[in-house]
Amino acid sequence: MANIAAQRIKREFKEVIRSEEVAKCAINVELVNDSFTELKGEIAGPPDTPYEGGNFVLEIKVPETYPFNPPKLYLNKIHVRFITKIWHPNISSVTGAICLDILKDQWAAAMTLRTVLLSLQALLAAAEPDDPQDAVVAKQFRECRDIFWQTARHWTHVYAGGKFLLNRWYK
Amino acid sequence: MSKKQLSAVFVKMGDKVPTTKYDPNVNQDELIMKQQRLIEKEIMDSIPLVGDKEDFSSLEGEYDGDDIYKQKVKNLAKNYKYIRRTRPDGNCFFRAFSYAYLEKLIDDREEFNRFRELAAKSKENLVALGFPQFTVEDFHDTFMEVIDQVGKHHSVLSPGAPAGEDLHKVFNDQGNSDYVVVYLRLITSGQLQRDSSFYQHFIEGARSVEDFCHQEVEPMYKESDHIHIIALSTALGVGVRVRYMDRGDSAEVIAHDFPEGSLPQVHLLYRPGHYDILYPH
């Protein structure tokens with residue numbers, strides 16, 4: 001079993017590395033150890049979102065039962081040591097846990113790391129506040145979109161290295 | 001898995017529940033998933049993916065003191081000699097179907113050749129439908145390897161274990177076995193999407209056929225319904241007879257053939273939520 005998981009992830013790793021998206025710096029993966037059980041993923045915050053300019057790092061753990069069960073993903077912080085912070089209705093602002101159907105019961109073995117990273121990037125561009133991971137963020141997203149945008153923008157700047165683009169009314 | 005065994009699993013799980021206090025800092029979603037994985041592990045450790053051929057009397061023994069079911073099993077025994085159980089992990093239809101059919105192909109060279117050709121072409125069809133080449137290829141390769149292992153036994157000169165034993169081994173190796181299941185799920189999804197105007201009518205709610213495939217067909221462990229069976233049997237041109245055994249009043253066990261009017265090559269026993277393999281006299 002573990003053998004299948006390792007073989008498969010090795011091939012997927014190559015698929016990502018050679019993909020167009022890597023050339024455009026939209027996504028990336030790196031090895032954390034030689035056994036391919038742990039990887040580091042990166043996605044660029046999509047344009048026209050409060051995440052633009054940010055670089056979001058993911059901790060990816062490959063279960064022994066891969067590809068029949070989804071990889072486990074957590075958002076992690078880059079340069080700084082503490083856990084990553086992203087202000088998004090479908091991602092826990094505390095733990096970085098992600099609520100995305102394909103990472104839970106809609107994972108299909110035909111998906112790959114590349115499609116997962118691209119789906120996450122799409123999630124940053126289009127939140128699903130009706131299926132939230134973080135209730136506080138989701139409430140703010142629904143009720144005061146301006147404040148939500150400013151907070152998300154601020155977090156991107158502080159935690160994900162995004163450009164300082166604070167709204168002039170903010171602060 | 002019998003009802004008795006299943007309830008034992010739940011009691012065991014239940015024992016641990018009262019000691020767990022609600023903690024707002026814990027992700028409840030993850031706790032539920034963790035518990036689900038524990039239940040799955042219990043099943044995994046106690047029931048093989050595909051079991052040995054058992055005499056029909058083993059089925060009768062399951063229903064001591066239950067007259068309705070006993071009568072049904074008796075009636076079923078007129079038509080069937082053996083039963084082969086599969087693990088109830090949500091993949092049982094796909095696993096039971098492919099095992100029973102490939103086992104049949106061991107002795108049917110002509111049908112084997114037809115099927116091999118169809119299976120070989122199936123990959124291009126899926127890629128043409130928009131499935132990702134990278135992963136489809138991966139599953140297709142393994143699928144063809146399993147088929148060719150059956151075909152190998154058609155050659156008289158072939159040494160090694162009896163064909164049935166090899167097949168049994170492959171299907172009880174989780175990796176290979178699950179690869180076969182995944183590929184059949186893709187074929188099923190492909191068939192549903194190719195003929196979506198027809199299948200749309202069988203899908204409840206406002207879901208599109210494509211959504212249905214992403215939610216109920218392609219993911220592992222999702223149980224199969226009529227629509228899966230119709231699509232897969234049609235796509236492969238393999239007739240399936242399913243015997244439905246539930247708590248209905250009739251002493252007969254109702255048979256459905258998929259696709260309608262086909263000659264059954266595979267016989268399955270359905271009990272609510274689960275499929276096992278049947279062997280006719």
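Values below: every heavy atom of this structure, side chains too, minus hydrogens, waters and symmetry copies. Each chain gets a letter, A, B and so on, in the order the sequences are listed, and its residues count up from 1.
For Phe134(B), the parts sitting under 4.5 Å from any heavy atom of chain A are the backbone and the side chain alike. For a residue to count as touching a neighbouring chain, one of its non-hydrogen atoms must lie under 4.5 Å from one of that chain's; by this rule Glu12(A) touches chain B with backbone and side chain alike. Only the side chain of Glu15(A) comes within less than 4.5 Å of a heavy atom of chain B; its backbone N, CA, C and O stay farther away. Proximity to chain B is absent for every atom of Asp101(A), based on heavy atoms less than 4.5 angstrom apart. The contact between Ala97(A) and chain B is made entirely by side chain atoms (from C-beta outward), counting heavy-atom distances below 4.5 Å. Proximity to chain B (any heavy atom under 4.5 Å) is shown, for Pro70(A), by neither the backbone nor the side chain.
Between Arg114(A) and Glu21(A) a salt bridge is recorded (basic side-chain N to carboxylate O distance below 4.0 Å). Ionic pairing of Asp148(B) and Lys152(B) is not present here: no N-O contact between side-chain nitrogen and carboxylate oxygen is shorter than 4.0 angstrom.
The aromatic rings of Tyr101(B) and Phe115(B) sit perpendicular, their planes meeting at an angle over 60°, well past the 30° parallel limit.
In this structure, the side-chain contact (heavy atoms from CB on, under 4.5 Å) partners of Asn91(B), at least two apart in sequence or on a different chain, are Asp89(B), Arg95(B), Val181(B), Arg185(B), Met220(B), Tyr221(B). Residues satisfying the side-chain hydrogen bond (donor to acceptor under 3.5 Å, both in side chains) test with Lys14(A), not counting sequence neighbours, are none.
No other option in Val182(B), Asp138(B), Val217(B) has as many heavy-atom pairs under 4.5 Å with chain A as Asp138(B).
Summarising the geometry of Tyr51(A) relative to Trp87(A), their closest heavy-atom pair is OH-O, 2.5 Å, with the distance given to 0.1 Å.
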